Amino acid sequence: MRRLFAWWGERALLALVSVIVLFPIAWMFLTAFKRPRDAYSLSLDFEPTLQNFATVFADPWNLGDMVLNSVIVATVTVLIAVPCASLAAYSFSRFRVKGRKFLFFLILSTQFIPAVVIVLPFFLMFRTLGLLDTRVALIVVNLAIVTPFVIWMIKGFIDAIPTDSEEAAMIDGASRLRVIKDIVLPMAAPGILTSSIFCFILTWNEFLFALILTRRDAVTLPVGLVSFRTERGDLWELMSAAGVMITVPIFIMALLIQKHFTRGMTAGAVK
Amino acid sequence: MKDRLLPYWLLIPAFVIVLATTIYPLAYSFVTSFREWDLTKQRRPGGFVGVDNYLHAASESGFQNSLWVTTIFVVTSVALTLVIAMSLALLLRRKGRMHTFTRIILILPFAMSPALIGVSYRFMFNPEFGVLAKGIGAVFPSLEGTPWLADPDLAMAILVLTDVWHWAPYMTFMCLGGLASIPRETEEAARVDGASNLRIVFGIILPQMKGVLLVTAVLKTIFALKMFDQVVTLTGGGPGVSTETLAFFVFNVGFKWYDMGYASALAWILTAIMMVISIWYVRMLLSERKMATA
């Protein structure tokens with residue numbers, strides 16, 4: 001009897017956790033498909049419409065431009081950060097470089113610098129260079145946050161790869177660069193892919209830099225949300241539609257790396 | 001290419017990025033923090049004023065308020081996140097279809113944009129048509145019509161709620177990783193001896209999780225100290241200044257009042273706090289590792 005009680009109790013708890021996790025997300029999705037007047041009622045009995053999506057992609061909201069900005073900024077950031085970070089991670093993982101501990105500590109500690117500190121000088125610099133409100137500016141500052149993190153993460157993955165086959169290949173006369181290209185890269189690929197997706201998510205969701213450095217041309221999706229706060233009040237149904245556009249690609253990516261994600265995160269943080 | 005130099009060549013691209021994007025701005029704002037620079041009046045930085053900007057911080061009520069707000073926010077959100085994450089990890093470590101499902105969806109809050117989380121909760125707590133405000137009002141009629149985000153304490157509570165919702169899942173993954181790495185024998189032996197679940201958790205599991213929990217706590221503290229996104233989209237720092245965190249205050253000084261010297265000084269105070277914590281973090285990790293290998 002007691003065990004049965006515990007069994008059901010555990011399932012009830014799990015169900016409660018799932019509801020707490022899913023409810024805010026589900027509510028946003030529902031609201032995105034409601035007509036404005038339904039959005040302000042709690043009724044679940046409404047006629048679904050795609051009108052909100054049509055509205056946000058049209059003038060004056062032009063969500064399409066923001067999607068494009070977000071995609072370009074996140075993609076280019078990943079394409080620059082991940083290759084550089086992979087090389088550094090390999091070096092940290094395999095070589096006893098002089099001052100290695102200090103360098104690694106330096107990289108790690110930059111992770112703890114608040115974004116406000118970084119953006120302040122960059123704002124002044126970009127203002128002088130006329131780079132405010134450009135994607136280039138966003139990519140540069142995003143690299144600051146993302147690069148140390150990715151080095152840390154990929155190092156965790158490379159540490160987990162045994163060195164045997166590398167050593168065997170080197171004895172056979174292969175150069176270090178060849179070994180990296182032909183042996184390490186394929187084995188580290190899942191880890192590098194996971195880190196890339198992680199890096200993409202971080203950049204995609206980044207808010208503070210974009211809020212400060214963009215005004216009109218280079219606005220990304222998270223900052224775009226703020227523009228639905230108008231004199232007429234908050235336009236929740238449009239915000240929700242924009243929210244769906246922000247979340248769907250990221251949710252798909254997050255679910256794809258779900259398994260590796262857990263491992264990569266804990267490896268990076270605990271080891 | 002000489003193999004001997006290769007390790008350094010491999011490090012160079014990443015270091016160029018890190019130096020250019022973090023060390024340089026840090027140095028720049030350090031210098032600026034000793035100058036007078038009102039961006040609305042001067043195009044170029046003004047004269048050096050010594051430690052005036054830092055002294056100003058020490059005496060200004062806005063800064064002191066933000067320090068207090070940040071402290072309350074960090075303590076409550078770290079404590080709640082840790083307790084919830086550890087409990088969830090204990091709940092989720094068993095095998096089962098519902099366990100797996102919950103574990104999978106737990107990744108969603110973490111992947112969601114914090115700015116969007118702020119917007120969603122603002123919507124749900126709207127007293128007139130917010131689903132949570134109405135739901136709570138239906139269950140507890142005395143709370144019907146509560147202006148949730150217009151009350152300083154409640155606004156802070158909801159800010160903490162959004163942060164815990166965002167971070168507890170991630171921290172649960174870290175705790176699950178920790179749980180997976182501790183040996184099960186002692187626990188099983190205790191269970192055979194008839195020890196209660198509570199005793200097993202507090203007497204056997206938690207002591208072994210000390211290292212992981214410490215790391216989780218410090219990481220969460222660092223993230224909480226940077227709290228910014230939801231402050232903008234959920235409360236706007238209000239009502240009044242009741243949810244103005246340090247990061248938000250620095251943002252206001254720098255990009256609303258354009259006082260670059262003062263903002264730089266504030267930014268450096270925030271950095272110093274983070275540095276102290278991160279050095280402590282690395283030290284702690286190293287000593288944990290020593291204990292583990294000893």
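Throughout, a chain's letter reflects where its sequence line sits, starting with A, and its residues are numbered from 1. Computed over heavy atoms, backbone and side chain alike; hydrogens, waters and symmetry mates excluded. Everything numeric in this text was worked out from a predicted model, so none of it was measured.
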What part of [X] lies closer than 4.5 angstrom to a heavy atom of chain B: side chain, backbone, both or neither?
X	result
Leu14(A)	both
Arg94(A)	neither
Val141(A)	neither
Phe228(A)	neither
Leu221(A)	neither
Met125(A)	side chain
Ile151(A)	side chain
Leu211(A)	side chain
Ile201(A)	side chain
Phe207(A)	both

Audit row: Glu10(A), Met98(B), side chain to side chain contact (heavy atoms under 4.5 Å, CB included) steps and yes/no: CA-CA 10 Å; Glu10(A) 196 173 320; Met98(B) 263 181 92; over 6 Å; no
Going by atom type alone, with no hydrogens or angles, which donor-acceptor pairs under 3.5 Å involve a side-chain atom of residues 142-149 of chain A and a protein atom two or more places apart or on another chain?
| unit_1 | atom_1 | unit_2 | atom_2 | d |
| --- | --- | --- | --- | --- |
| Asn142(A) | ND2 | Leu138(A) | O | 3.0 |
| Thr147(A) | OG1 | Leu143(A) | O | 2.6 |

How about residues 81-88 of chain A versus chain B: which residues have heavy atoms under 4.5 Å apart?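 So the qualifying residues are Cys84(A), Leu87(A), Ala88(A).
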Scan for salt bridge (Lys or Arg N to Asp or Glu O under 4.0 Å) pairs involving residues 104-122 of chain A, sequence neighbours excluded, and state none if there are none.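 Non-adjacent pairs meeting salt bridge (Lys or Arg N to Asp or Glu O under 4.0 Å): zero.
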For this output row, return yes or no: ring centroids of Phe255(B) and Phe123(A) closer than 6.0 angstrom. yes
Check each atom of Ala168(B) against the heavy atoms of chain A and say whether the ones under 4.5 Å are side chain, backbone, both or neither. neither
Name the option with the most non-hydrogen atom pairs under 4.5 Å to chain A; the candidates are Ile12(B), Val250(B), Leu225(B), Leu91(B). Leu91(B)
Enumerate, atom names and distances included, each donor-acceptor pair closer than 3.5 Å involving a side-chain atom of residues 236-248 of chain A, sequence neighbours excluded.
| unit_1 | atom_1 | unit_2 | atom_2 | d |
| --- | --- | --- | --- | --- |
| Ser240(A) | OG | Trp236(A) | O | 2.9 |
| Thr247(A) | OG1 | Gly243(A) | O | 2.3 |

CZ-OG distance between Phe129(B) and Ser41(A), expressed to the nearest 0.5 angstrom: 11.0 Å
